[in-house]
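Counting from 1, the numbers follow the sequence of the chain as shown. Being a predicted model, the structure only gives us computed values, none of them experimental.
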Amino acid sequence: DYLPAGRYPALVLFLSCDPQLVDVNVHPAKAEVRFRDPGLLRGLVIGALKQTLGEARHLAASTGGSSTLDALARSASANPVRQAPFMFQAPRPPSNWDWRNSPAAPQEAGAGFAESAQAAFQPSADTRAQDRPADPIALEAPLGAARGQIHDTYILSQTKDGIVLVDQHAAHERLVYERLKRERANGSIKRQLLLIPIVVDLDQGSADRLLARAADLADLGLVIESFGPGAIAVAEVPALIRDGDVPGLVRDLADSLAEALSDDATMTPLQRLQDHVLATMACHHSVRAGRRLNGEEMNALLREMEVTPGSGQCNHGRPTYVELKLSDLEKLFGRR
């Protein structure tokens, strides 16, 4: 869940051990060796990788910022702007526009031009995080201080030496996923009993697949039972996703199980299947694109990302944020 679909990790790993633990004579050309305890070695390697990835916390690949700059550069070269006689030209108003009814019209004699907002310059971003100056302590944080929300989807944050753009849905998806995994590791996932069970209509095959995994799903906080032909009744859900899209979650889980069974259910480790179920649950609960957040909510999201392992990627391996340094912005505007 750290890499997008179709991408695979590659690394070179150097191991040092007692030569007596390695059999170097299993291949005539010495192209292969055999370890006396391959299980121990495998556990050591996987444990080291998990620990290293966990310690990385929110860090994401730096290629996101580079890709952003390359995309902007290509866009600028493909659509060159003609040199205008002035540095800036305001949008031309409609033919029936009456300046006297405009918010920019002076309200009294002697009023200055900048004393009221001009309609052409009304921001499309939610600037509620700008009501007060950014907290100096937050500016020193790795992901900075939230300064606004763009298109109700992206959080704009200011750091001490640049800016960060966060995909709020992708980021919160990872945070909920990691919370669910922590609850599972602690023994059980907290469940919320529904006052009225939610009935979800499915085809018979999908319903049968879900009911066959009912015990596993119950361990993950989702309690289901049959409700007639092709129907599932959801009686309990994980407390973390009690406000999520339960019918959509059930249908997605049915599709996920179909894919797992088509590959070979006996070869799918239970924990991997559980992780996939938890990731699907998190996706249906996380803050959706299009939801407005206030300054406190945005900053709380940034702070939680900084202490959550893997929060630089969503559950599908896509980046949750892109960082641009001040030097990158200065290049965009020809300052350096």
message = A quick test of your reading: do over 12 heavy atoms of other residues, nucleotides or ligands sit less than 6.0 Å from CD of Q20?
response = no

task = For L15, look at atom CG and say whether over 12 heavy atoms of other residues, nucleotides or ligands are found less than 6.0 Å away.
result = yes

Taking the side chain as every heavy atom from C-beta outward, state whether [X] and [Y] have any pair of such atoms under 4.5 Å apart.
X	Y	result
L175	L301	yes
Q313	R318	no
C17	F35	yes
D245	P247	yes
L156	M298	no
L21	D37	no
R191	P238	no
P197	V234	no

From [atom1] ([X]) to [atom2] ([Y]), nearest 0.5 Å:
X	Y	atom1	atom2	value
L222	I189	CG	CD1	10.0 Å
L249	R251	CG	CZ	10.5 Å
E178	L278	CD	CG	10.0 Å
I163	L143	CD1	CG	13.0 Å
H151	Q168	NE2	CD	12.5 Å
I224	I232	CD1	CD1	4.5 Å

Donor-acceptor pair, side chain of [X] and main chain of [Y], under 3.5 angstrom:
X	Y	answer
E297	N294	yes
S206	L202	no
S311	T308	yes
D328	L324	no
E225	A233	no
E183	K190	yes
Q192	E236	no
T280	L253	no

How far apart are the closest heavy atoms of [X] and [Y], and which atoms are they?
X	Y	result
N315	A282	ND2-CB, 3.8 Å
R303	A141	NH2-CB, 3.4 Å
C314	T320	N-CG2, 3.4 Å
C283	E173	CB-OE2, 3.0 Å
D201	A231	OD1-CB, 3.8 Å
T159	P142	CG2-O, 3.8 Å

Given the options I155, D152, N299, L293 meets side-chain contact (heavy atoms from CB on, under 4.5 Å) only with I155

Do L329 and R335 pass the side-chain contact (heavy atoms from CB on, under 4.5 Å) test, and can you show the C-alpha distance, the side-chain angles, and the key distance before you say yes or no? CA-CA 8 Å; L329 297 174; R335 286 180 173 268; over 6 Å; no

Discussion item. Please say yes or no: joined through hydrophobic side-chain contacts below 4.5 Å, possibly via intermediate residues, are V277 and L211 part of one cluster?
Written reply: yes

Closer than 4.0 angstrom, basic N to acidic O: yes or no for R34 and E32? no

request  = Could you tell me whether D275 and R184 make a salt bridge, using a distance below 4.0 angstrom between a side-chain N and a carboxylate O?
outcome  = yes

| task | Run through R179, R174, H172 and flag the one making a side chain to side chain donor-acceptor pair (under 3.5 Å) with E304. | result |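 So the option named by the test is R179.
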
Exercise. Taking the six-membered ring of Y177 as reference, does the NZ or CZ atom of K181 fall below 6.0 Å from its centre and within a 45° cone about the axis?
Worked result: yes

Practice item. Determine, stepwise, if the pair M281 / L220 fulfils side-chain contact (heavy atoms from CB on, under 4.5 Å). Key: CA-CA 10 Å; M281 290 178 177; L220 300 177; 4.3 Å; yes

Requested in this report: Starting from the C-alpha separation in whole Å, work towards a yes-or-no answer on side-chain contact (heavy atoms from CB on, under 4.5 Å) for L49 and L11.
Outcome: CA-CA 11 Å; L49 290 173; L11 60 87; 3.9 Å; yes

